[in-house]
Amino acid sequence: AVAGVLSALSSALANMVIAYSTGKASLAEHEQLHTDCTVFLDSAATEALVLAEADAEAYQKVNALWKLPEDDETRSSKWDETLSEATMIPIKTMELSERILITLETLVGKTNAMLSSDLAIAAVTAEAAARAGFYTAQINIEQMNECDAKQDLSARCSALITSCKEKAANIEASCGV
């Protein structure tokens, strides 16, 4: 659930940067970008909190199976499916974090320069959300039986975390922090 909360926090911080950039004559040419980013970031914050709640609910389902004996038919028949479903939520949060980072990249140099550190912090927070999602997904994936889905989910997570780390590092460097 923390991954979703971090994504929402990142979106809110980026929106603060935009709010303090709006109306500045020196940034007037970026007004439409600011508007578009605000709309996306508002939506992202809402989506992130929905994902946080869904993650908590998915954990309850996994936890219920954990409590059953290993040889229980319900546990064995639902194990991989439940873990796969639980894994998709942090992956969706990682995907959302990546979209937030893409949005932040478009804002570099187009917002109030006095808030460049806040833009960098929003990027680091989005990366932290992706990392939290990655760790949560990896725990679930490791518990799955060997199957194609296990390899696919693992590869997807690796690609997303690599992308998010690179984007956050680029934003930090571009913000001069």
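This one's a predicted model, so the numbers in the text were calculated from it and none came from an experiment. What's counted below: heavy atoms across the whole structure, side chains too, no hydrogens, waters or symmetry copies.
Val50 places none of its side-chain heavy atoms less than 4.5 Å from the side chain of Glu53. Taking the side chain as every heavy atom from C-beta outward, Leu107 and Val17 never approach each other to under 4.5 Å. Between Leu41 and Ile18, some side-chain heavy-atom pair lies under the 4.5 Å cut-off. By the 4.5 Å heavy-atom criterion applied to side chains, Cys37 and Thr106 are counted as neighbours. Side-chain contact check for Ile171 versus Glu127: every heavy-atom pair is 4.5 Å or farther apart. Within the 4.5 Å cutoff, side-chain heavy atoms of Pro90 are placed close to those of Asp55. You'll find the side chain of Ile91 reaches within 4.5 Å of the side chain of Thr87, heavy atoms only. Within the 4.5 Å cutoff, no side-chain heavy atoms of Ser10 are placed close to those of Leu13.
Atom-to-atom distance recorded for Cys164:SG and Ile100:CD1 is 9.0 Å, nearest 0.5 angstrom. To the nearest 0.5 Å, atoms CG (Leu119) and CD (Glu105) are separated by 10.5 Å. From Glu98, atom CD reaches atom CG of Leu160 across 5.5 Å, with rounding to the nearest 0.5 Å. The distance from atom CG of Asp152 to atom SG of Cys157, rounded to the nearest 0.5 Å, is 11.0 Å. Rounding to the nearest 0.5 Å gives a distance of 10.5 Å between CG of Asp72 and NZ of Lys78. From Thr125, atom OG1 reaches atom CG of Leu9 across 5.5 Å, with rounding to the nearest 0.5 Å.
Judged by distance alone, the side chain of Thr162 and the main-chain N or O of Ala159 form no donor-acceptor pair under 3.5 Å.
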> So Ser154 and Gln138, side chain to side chain contact (heavy atoms under 4.5 Å, CB included) or not? Walk me through it.
Replying inline: CA-CA 7 Å; Ser154 185; Gln138 287 302 112; 4.1 Å; yes
>> With side chain to side chain contact (heavy atoms under 4.5 Å, CB included) as the criterion, how do Lys24 and Asn112 come out once you've worked through the C-alpha distance, each side chain's angles and the decisive distance to 0.1 Å?
In response: CA-CA 8 Å; Lys24 294 184 76 57; Asn112 186 331; 3.8 Å; yes
> Does the side chain to side chain contact (heavy atoms under 4.5 Å, CB included) test come out yes or no for Met144 and Ser84, once each step is laid out?
Replying inline: CA-CA 8 Å; Met144 294 174 75; Ser84 183; 4.1 Å; yes
> What's the verdict on side chain to side chain contact (heavy atoms under 4.5 Å, CB included) for Glu95 and Arg156, showing C-alpha distance, side-chain angles and the deciding distance?
Replying inline: CA-CA 10 Å; Glu95 291 169 343; Arg156 194 166 169 190; 2.6 Å; yes
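Side-chain heavy atoms closer than 4.5 Å link hydrophobic residues (I, L, V, M, F, W, Y) into clusters, and following such links, possibly through other members, connects Ile89 to Leu96. The hydrophobic clustering, which links ILVMFWY residues whose side-chain heavy atoms are closer than 4.5 Å, places Val108 and Leu33 together. Val5 and Leu101 fall into different hydrophobic clusters, where Ile, Leu, Val, Met, Phe, Trp and Tyr are joined by side-chain heavy atoms under 4.5 Å apart, directly or via other members. Under a hydrophobic clustering in which Ile, Leu, Val, Met, Phe, Trp and Tyr are joined whenever their side-chain heavy atoms come within less than 4.5 Å, directly or via other members, Val62 and Leu65 fall into the same cluster. When the side chains of ILVMFWY residues are joined at heavy-atom separations under 4.5 Å, either directly or via intervening members, Leu83 and Tyr59 end up in two distinct hydrophobic clusters.
Here the closest heavy-atom approach between residue Thr38 and residue Asn15 is recorded as CA-OD1, 3.3 Å. Nearest approach of Ala122 to Ala14, heavy atoms of both residues: CB-N, 4.1 Å. Among all heavy-atom pairs drawn from Ala123 and Ala168, the shortest one is O-CB, 3.8 Å. Shown here for Ser97 and Ala129, the closest heavy-atom pair between the two residues is OG-CB, 3.4 Å.
With respect to the salt-bridge test (charged N to carboxylate O, under 4.0 angstrom), the residues Glu31 and Lys110 do not qualify. A salt bridge between Glu47 and Arg99 is present, with a side-chain N of the basic residue lying under 4.0 Å from a carboxylate O of the acidic one.
For residues 15-50, the set of pairs meeting the ring pair (Phe, Tyr, Trp, His ring centres under 6.0 Å) definition, not counting sequence neighbours, is empty. The list of ring pair (Phe, Tyr, Trp, His ring centres under 6.0 Å) pairs with a residue in residues 74-96, not counting sequence neighbours, reads Trp66-Trp79.
Using modelled atom types, one finds no donor on one side chain facing an acceptor on the other under 3.5 Å when comparing Glu166 with Asn170. Side chains of Ser7 and Thr93: no donor on one and acceptor on the other come within 3.5 Å.
Under a cut-off of 6.0 angstrom, the local environment of NZ in Lys150 is crowded, with over 12 non-hydrogen atoms contributed by other residues, nucleotides or ligands.
Every side chain to side chain contact (heavy atoms under 4.5 Å, CB included) that Ile161 has, sequence neighbours left out, goes to Met94, Ala130, Arg131, Phe134, Lys165.
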